[in-house]
Amino acid sequence: MTDRSSRIEGFYKLPIAERVRIVKDFAGLTDDEAKALTGASVDPTIADRMVENAVGSFPLPLGIATNFRINGKDYLIPMAIEEPSVVAAASNAAKMARDKGGFRTSSTAPIMIGQIQVTGVKDPTTVQNRILEKKADLLSLANNQDPMLVKLGGGARDVEVRTIETREGPNVIVHILVDVRDAMGANAVNTMAEATAPLIEEISGGKVYLRILSNLAVHRLARAQAVWSKEAIGGPEVVEGVMQAYLFAEADPFRCATHNKGVMNGVDAVILATGNDTRAIEAGAHSYAARTGTYKPLTTFGRTQEGDLMGTIELPMAVGLVGGATKVHPTARACVKLLGVKSAQELGEIVASVGLAQNFAALRALATVGIQKGHMTLHAKNIVMSVGCPPELVDEVVKIIVAEKKIRMDRAQEVIAELKRKRGMR
Ligand code: NAD
């Protein structure tokens, strides 16, 4: 399957049915799986099992990013997102990275942290030592909770202890480090944290309150890098523009927030399409970006000796292929099959690559023509549809307001009224 190419020229110009056919062939999807990609909503009985008080489902557009080559393998990448331009930008950035080999990735083991908060501790240092002396007992108690995970090669691996100062005195914080394999891991880790808490309370003589995983998953990082040749991206001045944009974000949290938002446009869309937890990934990404005490970019950019642009990304990546919505949501299942990933780590590395591609695309646009040019037509379409334009007039109204550079609701309404009058429509 490694010889499949994701470089599909003119994919965006094809009718939807043709795109679905290509995607289906690429990943060997069954008819039902292809239907799950295009299907409008989750069956109410499935929705009812996923959340409380279900009344239906909330479909989002699902786009396919083309052109991605990651570690020498081609991927078509499903992205669930409501924002225009994101899928196109990712595909374009991936295309421009191909002549230098695409993306190269790595990741650390899937280790999550479970936190146990011990309060009312008089001598934190002694308590820390006592807890560490019982490490083996704590690990075995934790592992007894999830024989399945242990059988699969995962399980609790280590115990760390820290003391933090709260406004009302010290807390000893115990971290149970758990290898969660192909799970996102929240349930697995939370169960272990709850199970070990009574023993920790007994050892410490303190009072335990919280027992929950940390989304700042510093031990579970995904990384990607890519080189964009100056020729592929529009010349040395574009390399310089992206560099200046990056330096701006590195030095200014106001810019950095938007820089990282651009990264998360790509990240969240793949996370959502694969049924993973966007809030967990967002919390992890932003807390990781601020881990030094100053909010920093999740990506870095530099110039190579040849004057090309090199980009890298590193972020926590708590994604799973089992558990959560990934296994129960039919569209998520089809998206995972489309990616053909064999492990949560492989999925995480793909997500990181998309985040890097997305960020590069945004910086390139911002440092050259600006972001609005690409956004304009789709944005105009949204505006025109939001004011209740009859479907047969949408394209014409969009063309007019884009040409006039008056992409506003009031102008859209005027143009719709004019066209209706001319055509004798009501
Ligand atoms: P889960 O408990 O449904 O599945 C994980 C379990 O599946 C493991 O404990 C293991 O017993 C079993 N398993 C089978 N095959 C496995 C494999 N190959 N690798 C690893 N485990 C395997 O899911 P989870 O990942 O523990 O929890 C994810 C859910 O928890 C998500 O829905 C998330 O939204 C939610 N959640 C998140 C937070 C948070 O982020 N703070 C808190 C609570 C819950």
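When a ligand or atom number is given, it counts from 1 through the structure's own listing order.
- Counting only distance, with no hydrogens or angles, the side chain of R4 and the backbone of F26 share a donor-acceptor pair below 3.5 Å.
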Could you go through ligand 1 and note, for every N or O atom, any protein N or O atom closer than 3.5 angstrom, writing the atom names and distance to 0.1 Å, or 'none'?
unit_1: ligand 1; atom_1: 2 (O); unit_2: N187; atom_2: ND2; d: 3.3
unit_1: ligand 1; atom_1: 9 (O); unit_2: D146; atom_2: OD2; d: 2.4
unit_1: ligand 1; atom_1: 11 (O); unit_2: D146; atom_2: OD1; d: 2.7
unit_1: ligand 1; atom_1: 11 (O); unit_2: D146; atom_2: OD2; d: 3.4
unit_1: ligand 1; atom_1: 19 (N); unit_2: D182; atom_2: N; d: 3.0
unit_1: ligand 1; atom_1: 25 (O); unit_2: M184; atom_2: N; d: 3.0
unit_1: ligand 1; atom_1: 25 (O); unit_2: G185; atom_2: N; d: 2.6
unit_1: ligand 1; atom_1: 26 (O); unit_2: A186; atom_2: N; d: 3.4
unit_1: ligand 1; atom_1: 26 (O); unit_2: N187; atom_2: N; d: 3.0
unit_1: ligand 1; atom_1: 26 (O); unit_2: A188; atom_2: N; d: 3.1
unit_1: ligand 1; atom_1: 27 (O); unit_2: N187; atom_2: N; d: 3.3
unit_1: ligand 1; atom_1: 27 (O); unit_2: N187; atom_2: ND2; d: 3.2
unit_1: ligand 1; atom_1: 34 (O); unit_2: D277; atom_2: OD2; d: 2.6
unit_1: ligand 1; atom_1: 40 (O); unit_2: N215; atom_2: ND2; d: 2.9
unit_1: ligand 1; atom_1: 41 (N); unit_2: N215; atom_2: OD1; d: 3.1

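- Partners of D158 by salt bridge (Lys or Arg N to Asp or Glu O under 4.0 Å), not counting sequence neighbours, listed by chain and number: K135.
- In this structure N67 satisfies the side-chain hydrogen bond (donor to acceptor under 3.5 Å, both in side chains) test together with R7, sequence neighbours excluded.
- Within 6.0 Å of the NZ atom in K381, the count of heavy atoms belonging to other residues, nucleotides or ligands does not exceed 12.
- In this structure, N171 contributes its side chain and I173 its backbone to no donor-acceptor pair below 3.5 Å.
- In this structure, Y75 has no ring-ring contact (aromatic ring centres under 6.0 Å, His included) partners at least two apart in sequence or on a different chain.
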